[in-house]
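The next block holds one structure in the form of C-alpha coordinates; read it before the comments.
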Amino acid sequence: MKRALLLPVLLSIPCLVAGCSDSNDEEQATQAARFTTSTKPAPNPVRLALQNEIKQNVNMTTGVSSAPKYELYSNYAGEDIRQVTGVSGRKLILLFTADWCEHSQKMREVLKELAEQEKGNIQVVDVNADNYAKIAEEFQLTKVPTIFIYTEGFRLRTFEGYQSSTALKAMLNELFGNSN
(Lines give C-alpha, C1' and ligand atoms only; values in the text may rest on other atoms or scores of the structure.)
Protein backbone atom coordinates (compact mmCIF):
# COMPACT_ATOMS: atom_id res chain seq x y z
CA MET A 1 0.00 0.00 0.00
CA LYS A 2 2.80 2.35 0.76
CA ARG A 3 4.25 1.69 -2.67
CA ALA A 4 1.01 2.69 -4.35
CA LEU A 5 1.06 6.08 -2.62
CA LEU A 6 4.78 6.61 -3.16
CA LEU A 7 4.70 6.06 -6.92
CA PRO A 8 2.60 9.16 -7.84
CA VAL A 9 4.74 11.30 -5.52
CA LEU A 10 7.98 10.08 -7.12
CA LEU A 11 6.59 10.68 -10.61
CA SER A 12 5.67 14.29 -9.77
CA ILE A 13 9.15 15.21 -8.46
CA PRO A 14 10.76 15.50 -11.94
CA CYS A 15 7.97 17.89 -12.94
CA LEU A 16 8.66 20.13 -9.96
CA VAL A 17 12.41 20.11 -10.51
CA ALA A 18 12.08 20.71 -14.25
CA GLY A 19 9.62 23.54 -13.67
CA CYS A 20 6.56 21.95 -15.23
CA SER A 21 3.45 24.04 -15.24
CA ASP A 22 0.07 24.06 -16.82
CA SER A 23 0.68 27.38 -18.59
CA ASN A 24 0.83 27.64 -22.36
CA ASP A 25 3.72 28.94 -24.49
CA GLU A 26 2.37 32.51 -24.63
CA GLU A 27 2.30 32.81 -20.85
CA GLN A 28 5.82 31.42 -20.63
CA ALA A 29 7.06 33.96 -23.15
CA THR A 30 5.49 36.79 -21.14
CA GLN A 31 7.13 35.55 -17.94
CA ALA A 32 10.49 35.17 -19.66
CA ALA A 33 10.26 38.70 -21.08
CA ARG A 34 10.11 40.12 -17.57
CA PHE A 35 13.53 38.71 -16.78
CA THR A 36 15.35 39.57 -19.98
CA THR A 37 17.12 42.87 -20.51
CA SER A 38 16.60 45.15 -23.45
CA THR A 39 19.38 46.65 -25.54
CA LYS A 40 18.62 50.11 -24.10
CA PRO A 41 20.94 50.89 -21.15
CA ALA A 42 19.47 51.56 -17.74
CA PRO A 43 19.18 55.22 -16.75
CA ASN A 44 22.34 56.50 -15.11
CA PRO A 45 21.63 59.25 -12.53
CA VAL A 46 25.14 60.71 -12.82
CA ARG A 47 24.95 60.88 -16.62
CA LEU A 48 21.51 62.51 -16.45
CA ALA A 49 22.76 65.10 -13.94
CA LEU A 50 25.74 65.92 -16.17
CA GLN A 51 23.50 66.25 -19.22
CA ASN A 52 21.28 68.66 -17.30
CA GLU A 53 24.36 70.64 -16.20
CA ILE A 54 25.58 70.91 -19.78
CA LYS A 55 22.14 72.02 -20.98
CA GLN A 56 22.05 74.76 -18.33
CA ASN A 57 25.45 76.10 -19.40
CA VAL A 58 24.51 76.33 -23.08
CA ASN A 59 22.33 79.11 -24.43
CA MET A 60 19.53 77.25 -26.21
CA THR A 61 19.01 79.90 -28.92
CA THR A 62 22.64 80.19 -30.00
CA GLY A 63 24.06 76.90 -28.73
CA VAL A 64 27.03 78.81 -27.29
CA SER A 65 28.22 78.21 -23.77
CA SER A 66 27.24 81.13 -21.55
CA ALA A 67 29.65 80.42 -18.69
CA PRO A 68 32.55 78.13 -17.82
CA LYS A 69 31.62 74.75 -16.37
CA TYR A 70 33.61 75.49 -13.20
CA GLU A 71 34.05 78.28 -10.72
CA LEU A 72 36.76 80.73 -11.80
CA TYR A 73 38.12 81.23 -8.28
CA SER A 74 37.29 78.82 -5.48
CA ASN A 75 38.54 77.77 -2.08
CA TYR A 76 39.67 74.18 -1.65
CA ALA A 77 37.05 72.27 0.34
CA GLY A 78 38.81 69.02 1.23
CA GLU A 79 38.11 66.91 -1.86
CA ASP A 80 40.73 64.57 -3.28
CA ILE A 81 43.51 66.87 -4.50
CA ARG A 82 44.20 64.55 -7.46
CA GLN A 83 40.67 65.17 -8.70
CA VAL A 84 41.29 68.92 -8.52
CA THR A 85 44.63 68.83 -10.36
CA GLY A 86 43.85 65.96 -12.73
CA VAL A 87 40.89 67.39 -14.60
CA SER A 88 41.55 67.82 -18.29
CA GLY A 89 40.24 70.56 -20.51
CA ARG A 90 41.28 73.49 -18.36
CA LYS A 91 44.25 75.44 -17.07
CA LEU A 92 44.54 75.39 -13.29
CA ILE A 93 46.41 77.60 -10.85
CA LEU A 94 46.68 75.90 -7.47
CA LEU A 95 47.46 78.61 -4.90
CA PHE A 96 48.68 77.72 -1.40
CA THR A 97 48.09 80.55 1.08
CA ALA A 98 47.81 81.26 4.80
CA ASP A 99 45.43 83.70 6.51
CA TRP A 100 48.21 85.29 8.56
CA CYS A 101 50.40 86.04 5.51
CA GLU A 102 50.10 89.52 3.98
CA HIS A 103 51.59 88.37 0.66
CA SER A 104 49.01 85.56 0.48
CA GLN A 105 46.18 88.07 0.81
CA LYS A 106 47.66 90.19 -2.02
CA MET A 107 48.17 87.11 -4.18
CA ARG A 108 44.50 86.11 -3.73
CA GLU A 109 43.37 89.51 -5.03
CA VAL A 110 45.72 89.37 -8.03
CA LEU A 111 44.54 85.88 -8.97
CA LYS A 112 40.84 86.73 -8.54
CA GLU A 113 41.28 89.62 -10.98
CA LEU A 114 43.31 87.45 -13.37
CA ALA A 115 40.68 84.68 -13.36
CA GLU A 116 37.99 87.24 -14.25
CA GLN A 117 40.14 88.78 -17.00
CA GLU A 118 40.86 85.39 -18.56
CA LYS A 119 37.10 84.87 -19.10
CA GLY A 120 37.02 81.25 -18.02
CA ASN A 121 40.29 80.13 -19.60
CA ILE A 122 41.88 79.65 -16.17
CA GLN A 123 40.59 78.29 -12.89
CA VAL A 124 42.18 79.24 -9.57
CA VAL A 125 41.85 77.02 -6.49
CA ASP A 126 43.03 78.53 -3.19
CA VAL A 127 44.28 75.99 -0.64
CA ASN A 128 44.75 77.20 2.93
CA ALA A 129 48.08 75.60 3.92
CA ASP A 130 47.29 75.86 7.64
CA ASN A 131 43.91 74.12 7.35
CA TYR A 132 45.24 71.45 4.97
CA ALA A 133 48.72 70.86 6.38
CA LYS A 134 48.85 67.27 5.14
CA ILE A 135 48.32 68.39 1.52
CA ALA A 136 50.86 71.20 1.96
CA GLU A 137 53.32 68.56 3.14
CA GLU A 138 52.57 66.37 0.10
CA PHE A 139 53.39 69.34 -2.15
CA GLN A 140 56.60 69.95 -0.13
CA LEU A 141 55.62 73.54 0.60
CA THR A 142 58.39 75.70 2.08
CA LYS A 143 56.67 79.10 1.94
CA VAL A 144 53.38 80.79 1.21
CA PRO A 145 52.12 81.93 -1.17
CA THR A 146 53.14 79.19 -3.60
CA ILE A 147 51.62 78.74 -7.05
CA PHE A 148 51.43 75.48 -9.01
CA ILE A 149 50.29 75.69 -12.63
CA TYR A 150 48.57 72.65 -14.14
CA THR A 151 47.07 71.77 -17.47
CA GLU A 152 45.56 68.43 -18.51
CA GLY A 153 46.58 67.02 -15.12
CA PHE A 154 50.30 67.84 -15.51
CA ARG A 155 52.22 70.28 -13.33
CA LEU A 156 53.99 72.76 -15.56
CA ARG A 157 55.55 75.28 -13.17
CA THR A 158 55.92 76.18 -9.50
CA PHE A 159 56.43 79.71 -8.16
CA GLU A 160 57.07 80.72 -4.56
CA GLY A 161 56.29 84.10 -3.07
CA TYR A 162 54.23 87.01 -4.31
CA GLN A 163 53.91 87.44 -8.09
CA SER A 164 52.59 90.64 -9.66
CA SER A 165 49.72 90.61 -12.11
CA THR A 166 52.09 91.58 -14.93
CA ALA A 167 54.52 88.77 -14.07
CA LEU A 168 51.68 86.22 -13.91
CA LYS A 169 50.25 87.30 -17.26
CA ALA A 170 53.71 87.08 -18.86
CA MET A 171 54.24 83.62 -17.36
CA LEU A 172 50.84 82.38 -18.59
CA ASN A 173 51.45 83.86 -22.03
CA GLU A 174 54.79 82.04 -22.15
CA LEU A 175 53.18 78.74 -21.14
CA PHE A 176 49.94 78.90 -23.09
CA GLY A 177 50.28 81.70 -25.63
CA ASN A 178 47.72 84.48 -25.79
CA SER A 179 44.65 82.86 -24.17
CA ASN A 180 42.20 85.71 -24.75
Side-chain angles (χ1 to χ4, degrees), residues 41-180:
N44 182 334
V46 174
R47 185 182 315 128
L48 293 174
L50 288 174
Q51 287 173 345
N52 290 337
E53 179 77 21
I54 291 168
K55 287 177 187 174
Q56 290 173 0
N57 285 333
V58 174
N59 184 335
M60 292 301 167
T61 57
T62 63
V64 177
S65 177
S66 59
K69 295 176 183 139
Y70 50 82
E71 228 176 304
L72 300 178
Y73 187 97
S74 60
N75 292 314
Y76 178 72
E79 56 271 329
D80 184 2
I81 197 71
R82 290 172 293 182
Q83 288 180 342
V84 173
T85 60
V87 175
S88 64
R90 68 177 170 157
K91 301 165 194 160
L92 172 73
I93 295 178
L94 191 62
L95 170 66
F96 281 88
T97 61
D99 292 335
W100 50 266
C101 176
E102 185 178 324
H103 294 296
S104 291
Q105 293 170 6
K106 289 179 185 177
M107 198 76 245
R108 283 185 192 120
E109 295 304 315
V110 167
L111 286 174
K112 282 180 185 177
E113 288 176 19
L114 181 68
E116 289 294 324
Q117 290 172 358
E118 289 293 317
K119 300 175 184 137
N121 291 322
I122 292 178
Q123 180 185 16
V124 178
V125 176
D126 185 353
V127 180
N128 187 316
D130 291 333
N131 294 345
Y132 298 100
K134 193 172 188 175
I135 293 173
E137 187 178 307
E138 286 176 27
F139 279 82
Q140 301 175 349
L141 224 59
T142 58
K143 59 172 81 170
V144 290
T146 298
I147 297 172
F148 296 95
I149 299 177
Y150 284 85
T151 188
E152 302 295 326
F154 295 100
R155 186 187 308 179
L156 300 178
R157 296 264 172 90
T158 302
F159 294 93
E160 293 181 332
Y162 175 79
Q163 304 290 320
S164 70
S165 178
T166 307
L168 281 172
K169 285 180 184 178
M171 169 190 33
L172 292 173
N173 192 31
E174 178 187 325
L175 290 173
F176 303 116
N178 190 2
S179 58
N180 288 336

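Just so it is clear, the values below take in all heavy atoms, side chains as well, and ignore hydrogens, waters and symmetry mates. Positions are given from 1, in the same order as the sequence printed here.
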Looking only at non-hydrogen atoms, find the nearest pair between [X] and [Y] and report the distance.
{"X": "Asp130", "Y": "Asp99", "result": "OD2-N, 4.5 Å"}
{"X": "Arg155", "Y": "Tyr150", "result": "NE-OH, 3.3 Å"}
{"X": "Ala129", "Y": "Phe96", "result": "CB-CD2, 4.4 Å"}
{"X": "Leu95", "Y": "Met107", "result": "CD1-CG, 3.7 Å"}
{"X": "Cys101", "Y": "Pro145", "result": "SG-CD, 4.2 Å"}
{"X": "Thr85", "Y": "Leu92", "result": "CA-CD2, 3.7 Å"}

Rounded at 0.5 Å granularity, tell me how far [atom1] in [X] sits from [atom2] in [Y].
{"X": "Lys91", "Y": "Glu118", "atom1": "NZ", "atom2": "CD", "answer": "7.0 Å"}
{"X": "Met171", "Y": "Ile149", "atom1": "CE", "atom2": "CD1", "answer": "4.0 Å"}
{"X": "His103", "Y": "Lys106", "atom1": "NE2", "atom2": "NZ", "answer": "6.0 Å"}
{"X": "Asn121", "Y": "Leu72", "atom1": "CG", "atom2": "CG", "answer": "9.5 Å"}

Excluding sequence neighbours, so at least two apart, what forms side-chain contact (heavy atoms from CB on, under 4.5 Å) with [X]?
{"X": "Asn131", "value": "Asn128"}
{"X": "Glu160", "value": "Thr142, Lys143, Thr146"}
{"X": "Ala170", "value": "none"}
{"X": "Gln83", "value": "Asp80"}

Handout entry: Partner of Tyr73 by side-chain contact (heavy atoms from CB on, under 4.5 Å), out of Ile93, Leu114, Val124
Key =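 The side-chain contact (heavy atoms from CB on, under 4.5 Å) with Tyr73 is passed solely by Val124 among Ile93, Leu114, Val124.
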
Practice task
Apply the test side chain to side chain contact (heavy atoms under 4.5 Å, CB included) to residues Val127 and Phe148: give CA-CA distance (whole Å), side-chain angles for both, the deciding distance (0.1 Å), then the verdict.
Solution key: CA-CA 11 Å; Val127 180; Phe148 296 95; over 6 Å; no

Handout entry: Glu138 atom CD, neighbour heavy-atom count above 12 within 6.0 Å
Key =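 Yes, CD of Glu138 has more than 12 neighbouring heavy atoms, counting only those of other groups under 6.0 Å.
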
Practice task
Kindly indicate, with the supporting measurements, whether the criterion side chain to side chain contact (heavy atoms under 4.5 Å, CB included) is fulfilled by Asn75 and Asp126.
Solution key: CA-CA 5 Å; Asn75 292 314; Asp126 185 353; 3.5 Å; yes

Handout entry: Test ring-ring contact (aromatic ring centres under 6.0 Å, His included) applied to Tyr76 - qualifying residues, sequence neighbours left out
Key = Tyr132

Problem - Stepwise side chain to side chain contact (heavy atoms under 4.5 Å, CB included) check, Ile122 with Leu111 - result: CA-CA 10 Å; Ile122 292 178; Leu111 286 174; over 6 Å; no

Problem - Ion pair check, Glu116 and Lys112, cut-off under 4.0 Å - result: no

Exercise for the section: Please identify each residue that fulfils salt bridge (Lys or Arg N to Asp or Glu O under 4.0 Å) with Glu79, with sequence neighbours left out. Expected result: none

